[in-house]
Undergrad: 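First the structure, which I've put down as structure tokens, then a few questions once you've had a look.
Read the numbers this way: they start at 1 and go in the same order the structure lists the ligands and their atoms. This is a predicted model, so every value here is computed, not measured. Just so you know, these numbers use all the heavy atoms, side chains as well, and skip hydrogens, waters and symmetry mates.
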Amino acid sequence: MSTDGAVRRIGVLGGTGEQGQGLAYRLALVGHEVVLGSRSPERAAQAAAELVQRGPAIRITGAGNADAAAAAEIVIAAVPYDGHRELLAGLAPELDGKIVIDCVNPLGFDKQGPFGLAVGAGSAAEEAADALPLSTVIGAFHHVSAKLLLSAEPLERTDILVLGDDRAAKDEVIGLIAGIEAMRGIDGGRLRHCRQVEHMTAVLIAINRRYKAHAGLLVTDL
Ligand SMILES: NC(=O)c1ccc[n+]([C@@H]2O[C@H](COP(=O)([O-])OP(=O)(O)OC[C@H]3O[C@@H](n4cnc5c(N)ncnc54)[C@H](OP(=O)(O)O)[C@@H]3O)[C@@H](O)[C@H]2O)c1
């Protein structure tokens, strides 16, 4: 449930992946209706059927990405950086007028571990905004581990940085996050701050490797 108590219909592009399924699960657990999207409707239906097994009240269905985008009020982009821009540009009509939450981290990996990729627009989220001029792109969920989201264990307290250029849309996303157990959404400023936030994930992955953890963020003094 959002803090306003309303049930939202949420589409998840790339919803067959761990991050998409994890976010879908946590949102459905608190009453939202989720449509997992995929390039293959059959794969989406299969992933949705498996998540529904986790609880009788969980409402998750599967569809092609375009149908998931069209059916939803709010859409989460949870695909790898490669192909992200092309996917969103192709769905611009279905995403017109909607909030699109982007959690994509453009990262590379070499012998030294993870590193942030240079992105022409500045960040993956800004690239998404360029591809979707009639949607409101909000960056969020970059630092929350899919493994924890999908775990049957209760979540530990975690903060989710929410970034964007539209205050009302950010407040809507912060409200959505507040409804999820143990999560708090924090306004992290403008969409361009996704440059820092997306690349920060490389640091968290390095921490995870060193400490065998699924580290997230907590912001102090708030
Ligand atoms: N995993 C995490 O813990 C985590 C945490 C925070 C943020 N993120 C971000 O969330 C996004 C998804 O992460 P993930 O681990 O779930 O990734 P993933 O499993 O590699 O990919 C997710 C889904 O995207 C679809 N996909 C793959 N390549 C595509 C392409 N070229 N075009 C369109 N769709 C494509 C696939 O679904 P279909 O084949 O069914 O279409 C796949 O199941 C990434 O950008 C990542 O940076 C991940």
Undergrad: Please name all residues satisfying side chain to side chain donor-acceptor pair (under 3.5 Å) with Arg195, sequence neighbours left out, ordered by chain then number.
TA: Glu126
Undergrad: Under a 4.0 Å heavy-atom cut-off, which residues neighbour ligand 1?
TA: Gly14, Thr16, Gly17, Glu18, Gln19, Ser38, Arg39, Arg43, Ala78, Val79, Pro80, Asp82, Gly83, Cys103, Val104, Asn105, Phe141, His142, Val144, Ser145, Ala146
Undergrad: Please determine whether residues Val35 and Ile76 belong to a single hydrophobic cluster, defined as Ile, Leu, Val, Met, Phe, Trp and Tyr linked transitively by side-chain heavy-atom distances below 4.5 Å.
TA: no
Undergrad: Hydrophobic cluster mates of Ile205, side-chain heavy atoms under 4.5 angstrom, ILVMFWY only, any path?
TA: Leu107, Phe109
Undergrad: Are Tyr81 and Asn105 packed together at the side-chain level, in the sense that at least one heavy-atom pair is separated by less than 4.5 angstrom?
TA: no
Undergrad: Check side-chain contact (heavy atoms from CB on, under 4.5 Å) between Glu86 and all other residues, then give those that pass, not counting sequence neighbours.
TA: none
Undergrad: Salt bridge or not for Arg8 and Glu33, using N-O below 4.0 Å?
TA: no
